[in-house]
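Quick caveat: nothing in here was measured; it's all calculated off a predicted structure. Note that these values count all heavy atoms, side chains included, but never hydrogens, waters or copies made by symmetry.
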Amino acid sequence: MGHAANTPDADATPRTRLTSENAAQVATTLQALATPSRLLILARLREGPCAATELATSVGMEQSACSHQLRLLRNLGLITGTRQGRSVVYALHDNHVAALLDQALYHVEHLSLGLTDAAEGTVARPDGPAAQPDEPQRALAES
């Protein structure tokens, strides 16, 4: 996936307008992503379903703190929990949650490389010519 935000994509999510009716729910979802511990939980679940105890260990959290974050993420519809015997196995709710993580990571990488969006299908550097979206590192290396 390239860094150009305007690049058409066959798998692109249909654009929905942000309205006064859905803005609060979108803000709540984004606030849930604003905590490093929750991001670590979601990133681990992006790798696949995981039991709560294993998840806490994997992300380096106390079981009670992890359970609190899991409850919040589940209530926001970002993850699901399925009881299997005496444990609960958690998973991302759907691919939208994985896409949110991916986009956030791409954006951070984009900023760290000093890239800005340009004309459709290209990525401009603040100090030089546009590069193809899948070649930002090569363009930087050539400068």
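The shortest non-hydrogen separation linking E109 to S112 is O-OG, 2.8 Å. Listed here is the closest heavy atom pair of L76 and A32: CD1-CB, 3.2 Å.
Both L33 and L18 belong to a common hydrophobic cluster when Ile, Leu, Val, Met, Phe, Trp and Tyr are linked at side-chain heavy-atom distances under 4.5 angstrom.
Counting only residues at least two apart or on different chains, the side chain to side chain donor-acceptor pair (under 3.5 Å) pairs with a member in residues 68-82 are R38-Q69, R74-Y90.
Taken to the nearest 0.5 Å, the CG atom of L78 stands 8.5 Å off from the CG atom of L72.
Listed by chain and residue number, H96 satisfy the side-chain hydrogen bond (donor to acceptor under 3.5 Å, both in side chains) test with D94 (two or more places apart in sequence, or in another chain). Residues satisfying the side-chain hydrogen bond (donor to acceptor under 3.5 Å, both in side chains) criterion with E21, sequence neighbours excluded, are T19. Here Q63 pairs with S67 under the side-chain hydrogen bond (donor to acceptor under 3.5 Å, both in side chains) rule; sequence neighbours left out.
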Contacts under 3.5 angstrom, residues 39-57 side chains, donor-acceptor by atom type, not counting sequence neighbours:
unit_1	atom_1	unit_2	atom_2	d
R44	NH1	G48	O	3.1
R44	NH2	E54	OE2	3.4
R46	NE	D102	OD1	3.1
R46	NH2	D102	OD1	3.3
R46	NH2	D102	OD2	2.7
T57	OG1	T53	O	3.2

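Cluster partners of L111: none. The rule joins Ile, Leu, Val, Met, Phe, Trp and Tyr whenever side-chain heavy atoms lie under 4.5 Å apart, and it links nothing here.
Residue V26 forms a side-chain contact (heavy atoms from CB on, under 4.5 Å) with just one option from T28, L30, T29, and that option is L30.
Using a 4.5 Å cut-off on side-chain heavy atoms (C-beta onward), I79 and H93 make no contact.
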